[in-house]
Amino acid sequence: MCVFFCTFAAQMATINCDIRHVNKSFGTQQVLRDVTLSIPAGQVVGLLGPNGAGKSTLMKILIGLWKADSGSVTAPAQIGYLPENNPLYEDMYVAEYLRFMAEMTCRQSSEARRQTVESLIELVGLTPERHKHLRELSKGYRQRVGLAQAMIGEPDLLLLDEPTTGLDPNQLVEIRALIRELGKERTVILSTHIMQEVREMCDRVVILDHGEIKADLPIEEVGDLEELFHQKTSM
């Protein structure tokens with residue numbers, strides 16, 4: 001028993017993503033200010049902040065789309081990313097699109113890619129929609145396609161930028177449950193401005209405002225998240 005818990009503790013202590021003193025500016029506007037975070041493997045972290053806080057900028061630096069002005073970022077080689085606007089090739093069918101994305105990103109045989117796509121379609125609940133054009137899908141199913149695309153390659157780190165924007169209440173429940181399930185086997189960082197999402201899905205909350213980390217706490221140590229948020233973002 002001791003061996004099991006010691007091994008589990010060691011795995012949880014393994015740093016999956018390490019961000020050190022990251023700064024980023026666009027012209028005269030500084031978007032990130034000395035951001036430092038260490039995220040262990042297997043943790044679901046909520047980046048909570050108002051619009052313009054720097055959440056999306058930090059994610060784009062993590063995946064290498066943008067370069068930090070200073071500081072360092074250490075992240076896994078395999079990263080899955082769901083951007084806020086979730087761009088899709090709307091004239092393609094669901095399964096066709098995912099096979100195409102797998103072909104572009106996976107160094108597997110065609111049969112292995114096919115099996116990967118079939119597994120992801122089942123995992124995210126797209127089986128009834130698999131033969132539809134992407135343009136025919138509801139917002140909720142489009143988000144499922146985006147999550148499946150982000151999961152191609154079995155990433156160690158999954159970045160989700162405002163993953164529930166525009167969903168109706170039923171879709172919210174389904175997507176939140178799916179993200180919680182995905183977080184059981186990998187590190188997940190999701191950005192949001194919705195406090196309930198952090199409370200329901202995350203192990204840890206990082207409050208970001210004007211490019212600075214204002215709070216970084218395990219979710220179980222947060223009493224009133226709304227009060228904490230307003231306190232930290234009004235300073």
Side-chain angles (χ1 to χ4, degrees), residues 15-41 43-89 97-98 100-102 104-106 139 142-167 175 179 182-183 186-194 197-198 201-202 204-216 233:
I15 299 300
N16 183 275
C17 181
D18 197 38
I19 304 162
R20 295 289 171 180
H21 306 294
V22 164
N23 292 278
K24 179 65 178 177
S25 295
F26 296 99
T28 59
Q29 181 183 7
Q30 188 165 3
V31 181
L32 296 176
R33 304 170 185 267
D34 196 33
V35 172
T36 296
L37 283 172
S38 291
I39 302 172
Q43 191 172 73
V44 181
V45 177
L47 287 180
L48 179 63
N51 292 332
K55 305 184 299 294
S56 294
T57 298
L58 182 58
M59 287 195 166
K60 288 174 181 176
I61 289 173
L62 282 172
I63 63 171
L65 280 178
W66 290 343
K67 185 177 180 181
D69 297 334
S70 60
S72 64
V73 173
T74 304
Q78 293 290 335
I79 301 177
Y81 177 50
L82 174 62
E84 182 178 3
N85 59 354
N86 188 19
L88 300 171
Y89 295 117
Y97 169 74
L98 292 174
F100 171 73
M101 296 304 295
M104 293 297 101
T105 58
C106 284
K139 174 71 173 178
R142 289 169 67 92
Q143 288 299 88
R144 290 172 187 261
V145 173
L147 285 169
Q149 177 274 137
M151 291 293 296
I152 291 171
E154 299 183 357
D156 300 306
L157 174 62
L158 191 58
L159 303 177
L160 310 176
D161 195 355
E162 303 282 356
T164 63
T165 298
L167 301 184
I175 294 298
I179 291 171
L182 295 176
R186 60 193 49 81
T187 302
V188 178
I189 303 175
L190 65 92
S191 75
T192 183
H193 58 276
I194 302 171
E197 293 200 338
V198 175
M201 290 190 287
C202 300
R204 175 180 171 189
V205 58
V206 175
I207 296 176
L208 196 67
D209 187 39
H210 291 93
E212 297 183 56
I213 293 178
K214 302 292 188 177
D216 182 359
T233 57

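Counting from 1, the numbers follow the sequence of the chain as shown.
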For [X] versus [Y], what's the shortest heavy-atom pair and its separation?
X	Y	result
Leu158	Pro155	CD1-CG, 4.4 Å
Gly146	Asn86	CA-OD1, 3.6 Å
Pro87	Tyr97	O-OH, 3.9 Å
Gly54	Leu208	C-CD2, 3.7 Å
Val44	Gly183	CG2-CA, 3.8 Å

Taking the side chain as every heavy atom from C-beta outward, state whether [X] and [Y] have any atom pair closer than 4.5 Å.
X	Y	answer
Arg186	Met151	yes
Arg204	Asp216	yes
Thr36	Ile19	no
Ile207	Thr233	yes
Asp34	Val22	no
Glu154	Cys106	no
Arg144	Ile175	yes
Val188	Val45	no

Any chance you could measure [X], atom [atom1], to [Y], atom [atom2], to the nearest 0.5 Å?
X	Y	atom1	atom2	result
Ser191	Glu162	OG	CD	4.5 Å
Leu37	Cys17	CG	SG	7.5 Å
Ile61	Trp66	CD1	CH2	8.0 Å
Arg20	Ser70	CZ	OG	14.5 Å
Gln43	Ile189	CD	CD1	9.0 Å
Leu48	Leu190	CG	CG	9.5 Å

- Would you check, one step at a time, whether the test side chain to side chain contact (heavy atoms under 4.5 Å, CB included) holds for Leu82 with Leu159? CA-CA 6 Å; Leu82 174 62; Leu159 303 177; over 6 Å; no

Side chain [X], main chain [Y], donor-acceptor under 3.5 Å:
X	Y	value
Gln30	Leu32	yes
Lys24	Leu58	no
Ser25	Gly27	no
Gln143	Pro163	yes

- Message: Going by side chain to side chain contact (heavy atoms under 4.5 Å, CB included), name the residues that satisfy it together with Thr74, two or more places apart in sequence or in a different chain.
- Response: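 Partners of Thr74 by the side chain to side chain contact (heavy atoms under 4.5 Å, CB included) criterion, ordered by chain and then number, come out as Asp18.
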
- Report the C-alpha distance between Asn16 and Ile39 in whole Å, list the side-chain angles of each, state the deciding distance to 0.1 Å, and finish with yes or no for side chain to side chain contact (heavy atoms under 4.5 Å, CB included). CA-CA 6 Å; Asn16 183 275; Ile39 302 172; 5.5 Å; no

- Glu84 CD: over 12 foreign heavy atoms closer than 6.0 Å: yes

- Applying side chain to side chain donor-acceptor pair (under 3.5 Å), which residue pairs with at least one partner in residues 49-62 are found, sequence neighbours left out?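 Of all non-adjacent pairs touching residues 49-62, those that pass side chain to side chain donor-acceptor pair (under 3.5 Å) are Ser56-Asp161.
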
- Check step by step if side chain to side chain contact (heavy atoms under 4.5 Å, CB included) holds for Leu157 and Gln78. CA-CA 7 Å; Leu157 174 62; Gln78 293 290 335; over 6 Å; no

